[in-house]
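One structure is given below, encoded as structure tokens.
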Amino acid sequence: MTTDPKPTVAEPCWWRAVLKNPYIVGPIKFVLPFAIATALFVALYLMVPYQQFLTLSGLAAAYFVPPAGKESIIPIAILMGYPWWLITLVIFLIDVAVSLFVVWNFDLALKIPLIGRLLSNGMTAARNYTETQPWLRRLSTVGLILFVFFPLQGTGAMNGSILGRLLGMNEARVFACVCTGSLASCLIIALGADVILDVYQEDPALGIGLLVLVAVVVVAGVVGWRMRKGRLRGRRS
């Protein structure tokens with residue numbers, strides 16, 4: 001005669017219970033993005049000379065002021081002598097902190113006076129972009145990566161995170177797309193600027209020629225994008 005096995009009762013997992021507690025998770029989600037940014041600048045303070053730290057901090061602050069962006073801040077930093085990997089890491093971690101703050105605290109941040117105004121402007125820009133680029137809704141993941149990747153005014157980590165929410169994507173997916181687009185964009189701009197600088201130091205004429213070629217391609221792309229955007233608006237009206 002066999003005895004029935006005793007039913008096993010799963011022991012409660014304490015860390016899952018902690019993660020489900022809004023009074024614990026809420027403050028963590030609000031503070032962690034600021035902690036990442038603070039840790040970044042503390043590390044820079046310890047890594048580089050003080051004057052270089054001040055200059056790099058100024059460039060990082062300018063990154064938030066339109067029309068500055070990756071396409072201007074990264075090349076300027078490389079021209080000033082900062083290694084490409086350092087400025088790439090700085091801008092990428094700033095985007096990580098910004099994206100985390102937006103995807104985790106969007107509703108709360110809208111109630112903060114200055115931040116709420118920035119997010120409201122970002123929502124307007126994201127809605128306008130989805131109206132002129134309907135393919136974004138069909139290819140939400142790829143579209144969001146490309147939105148963050150292309151260094152156009154109005155794109156970037158903050159507006160990309162807002163756009164992901166407007167597209168109905170979950171937090172993890174939005175964060176992954178923003179990080180992928182940001183890292184790819186930072187690397188390409190930084191490595192491209194570093195190569196052009198090296199070429200210029202070896203052959204100034206060739207370096208200037210490459211810089212002019214890149215500028216022409218960028219300007220042509222921006223003009224073409226704006227013309228297409230204008231045609232789409234004309235069709236809707």
Side-chain angles (χ1 to χ4, degrees), residues 33 36-102 142-161 163-164 174-222 225:
I36 292 174
T38 301
L40 170 63
F41 285 100
V42 170
L44 289 176
Y45 178 80
L46 298 174
M47 288 173 55
V48 301
Y50 183 67
Q51 191 60 44
Q52 293 184 14
F53 165 75
L54 291 178
T55 304
L56 192 55
S57 299
L59 290 173
Y63 177 54
F64 292 96
V65 181
K70 298 181 183 72
E71 72 282 2
S72 56
I73 298 300
I74 293 177
I76 289 173
I78 291 175
L79 286 174
M80 296 178 68
Y82 294 99
W84 66 268
W85 60 266
L86 179 60
I87 187 62
T88 296
L89 184 63
V90 169
I91 298 300
F92 172 67
L93 288 180
I94 289 175
D95 282 350
V96 167
V98 169
S99 180
L100 277 179
F101 183 80
V102 173
V142 176
L144 184 56
I145 292 174
L146 293 176
F147 178 84
V148 178
F149 173 80
F150 286 108
L152 300 172
Q153 185 178 356
T155 65
M158 185 183 75
N159 288 351
S161 300
L163 177 60
V174 172
F175 180 67
C177 290
V178 171
C179 288
T180 301
S182 172
L183 182 59
S185 181
C186 288
L187 283 173
I188 289 178
I189 295 173
L191 290 173
D194 192 59
V195 168
I196 292 176
L197 180 60
D198 289 342
V199 171
Y200 175 80
Q201 291 173 346
E202 295 290 334
D203 187 343
L206 180 58
I208 293 174
L210 284 175
L211 182 60
V212 171
L213 177 62
V214 171
V216 169
V217 171
V218 171
V219 170
V222 172
W225 176 75

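Side chains included, hydrogens not; waters and symmetry mates left out as well; all remaining heavy atoms used. What you see is a predicted model, and the numbers here were worked out from it, not measured in a lab.
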Is there side-chain contact between [X] and [Y], with heavy atoms separated by less than 4.5 Å?
{"X": "P33", "Y": "V98", "result": "no"}
{"X": "L146", "Y": "V142", "result": "yes"}
{"X": "M80", "Y": "L59", "result": "yes"}
{"X": "I145", "Y": "V178", "result": "no"}
{"X": "P83", "Y": "L86", "result": "yes"}
{"X": "T180", "Y": "F149", "result": "no"}

Closest approach of [X] and [Y], non-hydrogen atoms and distance?
{"X": "F92", "Y": "S182", "answer": "CD1-OG, 3.7 Å"}
{"X": "I78", "Y": "A190", "answer": "CD1-O, 3.2 Å"}
{"X": "V90", "Y": "L40", "answer": "O-CD2, 3.8 Å"}
{"X": "V174", "Y": "G160", "answer": "CG1-O, 4.4 Å"}
{"X": "A60", "Y": "I94", "answer": "CB-CD1, 3.7 Å"}
{"X": "P75", "Y": "K70", "answer": "CD-O, 3.4 Å"}

In Å, rounded to the nearest 0.5 Å, how long is the span from CD1 of I91 to CG of L183?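 Between I91 CD1 and L183 CG, I get 12.5 Å after rounding to 0.5 Å.
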How many angstroms lie between atom CH2 of W84 and atom CG of L191, to the nearest 0.5 angstrom?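 If we round to the nearest 0.5 Å, W84:CH2 and L191:CG are 4.5 Å apart.
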Could you go step by step and tell me if C186 and I74 meet the side chain to side chain contact (heavy atoms under 4.5 Å, CB included) rule? CA-CA 8 Å; C186 288; I74 293 177; 4.2 Å; yes
Is it the case that more than 12 heavy atoms not belonging to Q201 sit under 6.0 Å from its CD atom?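 More than 12 heavy atoms, drawn from other residues, nucleotides or ligands, come within 6.0 Å of this atom.
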Counting heavy atoms not belonging to F64, are there more than 12 under 6.0 Å from its CZ?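 Counting other residues, nucleotides and ligands, CZ of F64 exceeds 12 neighbours.
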Would I87 and L56 count as a side chain to side chain contact (heavy atoms under 4.5 Å, CB included) here? Give the steps. CA-CA 8 Å; I87 187 62; L56 192 55; 3.9 Å; yes
Trace of the side chain to side chain contact (heavy atoms under 4.5 Å, CB included) decision for F53 with L46: CA-CA 9 Å; F53 165 75; L46 298 174; over 6 Å; no
Check the pair F41 / L44 against side chain to side chain contact (heavy atoms under 4.5 Å, CB included), numbers first and verdict last. CA-CA 5 Å; F41 285 100; L44 289 176; 4.2 Å; yes
Test D198 against every option in D194, V195, I196 by the side-chain contact (heavy atoms from CB on, under 4.5 Å) rule and name the one that passes.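 It is D194, the one option of D194, V195, I196 that forms the side-chain contact (heavy atoms from CB on, under 4.5 Å) with D198.
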Quick one: does [X]'s side chain have a donor or acceptor within less than 3.5 Å of a partner on [Y]'s backbone?
{"X": "S161", "Y": "A157", "answer": "yes"}
{"X": "Y82", "Y": "Q52", "answer": "yes"}
{"X": "S185", "Y": "G181", "answer": "no"}

